[in-house]
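Chain A is the first sequence line, chain B the second, and so forth, proteins listed ahead of strands; every chain is numbered from 1.
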Number of protein chains: 2
Amino acid sequence: MKKKVKLIDVADAVGVSAITVSRVLRKPELVSEAVRLRVTEAVARLGYVPDPAARALASARTDVLGILIPSVTNNVFSNVLRGIYDRVEGLPFNIQLGNTRYSLLEEERLLGVFSRQRPAGLIITGLDQSHRSKTLLAQADCPIVQIMEIGGDPIDMMVGFSHRDAGRGATRHLQERGYRRIGFLGARMDPRTQRRLEGYEQAMKEAGSFDERLIVTTHRASTVTLGCELLGELLSRTHEIDAVFCNNDDLAIGVLFECQRRRISVPDDFGICGFNDLEMTAVANPPLTSVRTNREEMGRRAIEMLITRITGEPIDDPVVDLGFEIVARQSTAGPIAREGRASA
Amino acid sequence: MKKKVKLIDVADAVGVSAITVSRVLRKPELVSEAVRLRVTEAVARLGYVPDPAARALASARTDVLGILIPSVTNNVFSNVLRGIYDRVEGLPFNIQLGNTRYSLLEEERLLGVFSRQRPAGLIITGLDQSHRSKTLLAQADCPIVQIMEIGGDPIDMMVGFSHRDAGRGATRHLQERGYRRIGFLGARMDPRTQRRLEGYEQAMKEAGSFDERLIVTTHRASTVTLGCELLGELLSRTHEIDAVFCNNDDLAIGVLFECQRRRISVPDDFGICGFNDLEMTAVANPPLTSVRTNREEMGRRAIEMLITRITGEPIDDPVVDLGFEIVARQSTAGPIAREGRASA
DNA sequence: ACTCATAATGACAGCGCTATCATTTGTCAA
DNA sequence: TTGACAAATGATAGCGCTGTCATTATGAGT
């Protein structure tokens, strides 16, 4: 391994002081063009790359943007991540990803690790941080964006949408299409799923058709297979069901598969509404209605908000509501008019 | 923001020197038990957390394990990631994730960023690094694991399986089940997909049924919708097709959906074999045959190999073949005996 | 001509920690 | 008792960079 090229090596090569080279790299506007060009050339020629640790130690600041998400395998978060990586491309920042695995304790631990690094900015998922986490965030001394949801007091900034409204909107859509006995299937009951359930409950109560037996939830992570199982569970409780609002599209696809298997006709006998609008829903048979949320945009916006704050520009609104859209497809086209649903 | 607690603060509180506190944290076996206990207590009481930048600068070593993967949205890699995060939990290391987006240039750039941090270990995807990347890796002075594939000379260590063998295995499975005119659908033609195609070609040539028109590939990222489209493309070329080997399960699900739509009977008229064995394949209608690969295990093993090397223990074999398994399900149960396939 | 502001560069210290070597203390064989 | 050696602890000197202030050169205003 050849010896590392340091700032001073570049400086010596050009015949300036180390600090001038540093300035060419950090604040080029402070250096005359002539010197700047010679330094840039020498940096390239010698293959100099700054040492991030030394830089962090000396400047009490890093180029790290810390991201805390609860899962790397969940589609929803990887979509957000893609937006984040997209937007950060070409900018002088580095993404550091923390996987909290839906654990508040792990979130605290990672926040500790991150904040010791004096990040340039932080992105954290959701509104429900622990008290200790909030303390850590308050001390972090960098811009912070909470993503996925909006509501309550932002720690600093927020970008997301109201899961409660989305849950209510999806349920109302089913009601408008003529479904009455609408079930709720929820897995991985994290705070956002919880609020979608609240929206569902509200819509059902408003329609006077709320019934606890229609709600099936589990803390297990959601999968397509689980969608099949949960539908089975729901149907075993009561057959007087004519639609289901699934908390995400994996469950919805599972429900669809299970309906195919049980020869339950979708949407005539049974309506299905998913959540997240994964691309697959559009080509299923029948295509599935789902709630579209712009997750990549959420990632991009979060980065933009951080950058804006880091560069010291003013922010118009610290809370950005990205909204949602009910994408109505055939799976909720409406029931065939008849008394209740024929048993499978 | 309250003032940061430093090593020296802890040392003063206990009445020892800073270096002793450092040793309690780094190499506790060098410190007497009495002192160690008092220091540990003070660390907890004062809430001291070491500064990673200072540590990195002084020791020329970090606790960072750098991971380079081509995509964060692709299931395959997020499964590997999960294994990695699982295995690293509780260990004194931090994962730093780099997203190369299938770009060798971005891989080089990230490798530069990573190696400047003097990581404790590196995990990199695949065998096909650029020359510059290989140079950087050779200079990295830390253990390195190449994941996803095996073959060729390992830079240091490897864990994965032969994609060529897997592609051949899947094709042979279709042949054994009586399918003859077997198409190949491939998206995102990365090196691994390429080698699966080679395996397919080999099997088809061995059976004397190779035909270029049976191969449909694209560089677009694979999606379920794309699976529908590619099947359409394939069928528009020739109707004499009785099965298809899809390069991953997204495509396979899309093909299945498209078959449902075109009323092509699976598996009687048409066999479908996917790749990766996503959980969803097992509950589709009919359940899809797929090639199972243990991706989480791959992540875990990669971490274990790094740890073993970091702690200086000997490694039994630097190349670990995790193999694959053809999970035969109904979608390849075999064609109904008749002349060719009836046109849709 | 002389101040004063501005631009361009440099000297120096120090960020918080650990590697290295030095020193102190305790232990034991001769 | 004494020297030799190991165990425990400390003093010192950086790691590679940037913040801060100082210095020099340049030009404008009176």
Distance check needed: [N] [atom2] versus [X] [atom1], whole Å only.
X	N	atom1	atom2	value
A:L7	C:dG14	CG	P	20 Å
B:L57	D:dC15	CG	C1'	4 Å
B:R116	D:dC15	CZ	C1'	13 Å
B:I8	D:dT12	CD1	P	13 Å
A:R118	D:dC17	CZ	P	16 Å

Requested in this report: Please list, by residue number, the residues of residues 11-21 of chain B whose heavy atoms come closer than 4.0 Å to an atom of DNA chain D; answer none if no residue qualifies.
Outcome: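 Hits under 4.0 Å, by residue number: B:V16, B:S17, B:I19, B:T20.
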Query - B:R101: side-chain hydrogen bond (donor to acceptor under 3.5 Å, both in side chains) partners, not counting sequence neighbours - result: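 With sequence neighbours excluded, B:R101 shows a side-chain hydrogen bond (donor to acceptor under 3.5 Å, both in side chains) to A:D86, A:E89, given in chain and number order.
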Query raised in the report: Any donor-acceptor pair under 3.5 Å between the side chain of A:R23 and the base of D:dG19?
Result: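 Between D:dG19 and A:R23, which were checked side chain against base, a qualifying N/O pair under 3.5 Å is absent.
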Does [X] have more than 12 heavy atoms from other residues, nucleotides or ligands lying within 6.0 Å of its [atom1]?
X	atom1	result
B:R82	CZ	no
A:R301	CZ	no
B:D317	CG	yes
A:E313	CD	yes
A:R132	CZ	no

Query raised in the report: Counting side-chain heavy atoms from CB outward, which of C:dA19, C:dG16, D:dT18 is closest to B:S59?
Result: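 Among C:dA19, C:dG16, D:dT18, the one nearest the side chain of B:S59 is C:dA19.
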Requested in this report: Determine the minimum heavy-atom distance between B:A60 and B:R118, stating which atoms define it.
Outcome: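 Closest approach of B:A60 to B:R118, heavy atoms only: O-CD, 3.3 Å.
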Query raised in the report: Which atom names give the shortest non-hydrogen contact between B:D321 and B:F161, and what distance separates them?
Result: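 Smallest heavy-atom distance, with atoms named: OD1-CA, 3.6 Å.
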Query - Residues in contact with DNA chain C, drawn from residues 24-52 of chain B - heavy-atom cutoff 4.0 Å - result: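 B:R26, B:K27, B:Y48, B:P50, B:D51, in order of number.
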